[in-house]
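This report concerns only the one structure given below.
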Amino acid sequence: MGMRRCLTRLKHFMAYSNGVSALGSGECCGGKWSGVENLRAVAEVSTSTRVEQQAKPSRLSIRPTSFLRPATVSPPLEVPKYIPRPPYVGAAEPPALAEEIQIHDEAGVSGVREAGRLAALIRDYVGSLVRPGVTTDELDKAAHDAIIDSGAYPSLLGFGGFPKSVSTSVNECICNGIPNSRPLQGYHAETSETHICGTVDEHVRQFVEVARDCLNTAIAMCGPGIDFREIGAIITDIADGCNYHVVEHVAGHGVGSLFHSAPLIYHCYNYKSGRMVAGQTFTLEPALSMGTEKALQWEDMWTTVTADGSLSAQFKHTVLITESGAEILTPKEEMDEDDNE
């Protein structure tokens with residue numbers, strides 16, 4: 001399982017929007033409730049750092065050898081009063097991972113699918129803005145405005161005190177980088193994607209494609225009756241075969257009418273029990289590192305970086321288990337031929 005296998009696997013397409021992630025030069029500034037979550041325009045965005053059963057990353061002030069440094073974070077952007085707030089907004093801590101397994105009826109699937117569609121549109125829009133010189137704060141504002149214009153609430157804003165509408169994770173930042181009562185009809189979806197910002201070496205581009213392939217291959221094997229632990233096995237096989245590591249700190253989770261719920265889905269080898277059920281919606285969000293699988297957390301309690309400063313890449317989709325397999329609810333839309341002319 002060497003580089004040859006690695007190269008032959010680089011072919012699937014993908015998507016992601018829990019935040020924005022970028023590989024290249026830059027600084028780390030870091031749903032639709034009835035809606036979109038966060039975006040990953042530069043290199044990822046995920047709120048799975050605090051879910052229980054995961055090993056919390058080591059705390060650190062900021063490693064003096066790290067490329068990234070905290071930057072100025074502007075105040076949270078406003079949300080019009082006519083847009084309903086999720087129940088967790090205003091709480092100092094994020095709610096505990098709900099033990100409820102979310103199995104949706106037809107109306108529920110429709111709600112999560114709509115949230116996923118909007119999340120994917122926002123993800124791709126913000127991804128198109130990634131370029132050298134653009135701040136992640138600007139990306140956050142672009143995402144925020146687009147979400148609000150759609151009549152949705154940015155799910156990450158106010159989740160456990162998170163101050164922005166998306167998260168932006170640059171270079172070694174793995175996830176949750178900060179860019180600088182009751183509407184039961186509300187649904188969340190999460191998606192994220194890693195983008196190349198500026199000029200990078202070919203081995204970095206290959207690394208990003210392997211991360212993309214890990215997600216797509218894992219989704220392709222999902223279906224009713226499949227053990228969740230198979231996800232971690234196939235992702236680890238791909239990553240190890242290309243001499244990369246799966247970041248153990250990041251896990252997928254149930255999503256839908258509840259922002260975070262069971263099951264907790266590990267992307268590395270594990271022996272956890274549990275099988276997929278038709279009607280279930282959850283996130284798959286494997287994060288890869290070019291170096292260590294260990295993570296460190298900044299003092300802002302969100303920004304999570306690789307412990308050795310090596311580059312990280314992550315892709316995420318919201319997935320629905322169907323009777324015959326799995327459906328990606330946050331797909332990347334193909335452009336019409338007319339759009340390419």
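The basis for the numbers below is simple: all heavy atoms, side chains too, and nothing from hydrogens, waters or symmetry mates. Note that the numbering runs from 1 along the sequence shown for the chain.
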With the threshold set at 4.0 Å, does a side-chain nitrogen-carboxylate oxygen contact exist between K141 and D137?
->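 D137 and K141: not salt-bridged.
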If you measure only the distance, is there a donor-acceptor pair under 3.5 Å linking the side chains of [X] and [Y]?
X	Y	value
E193	H195	yes
S261	Q102	yes
K164	S74	yes
H245	S289	no

How long is the straight-line distance from [atom2] of [Y] back to [atom1] of [X], given to the nearest 0.5 Å?
X	Y	atom1	atom2	value
N270	E230	CG	CD	9.5 Å
I328	L215	CD1	CG	7.0 Å
H267	E293	NE2	CD	15.5 Å
F282	I101	CZ	CD1	10.5 Å
I231	C214	CD1	SG	12.5 Å

Where is the tightest heavy-atom contact between T236 and C268, given as atom of each residue plus distance?
->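 Heavy atoms only, the tightest pair is OG1-CA, 3.3 Å.
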Determine the minimum heavy-atom distance between V200 and C197, stating which atoms define it.
->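 Shortest heavy-atom contact: CG1-O, 4.4 Å.
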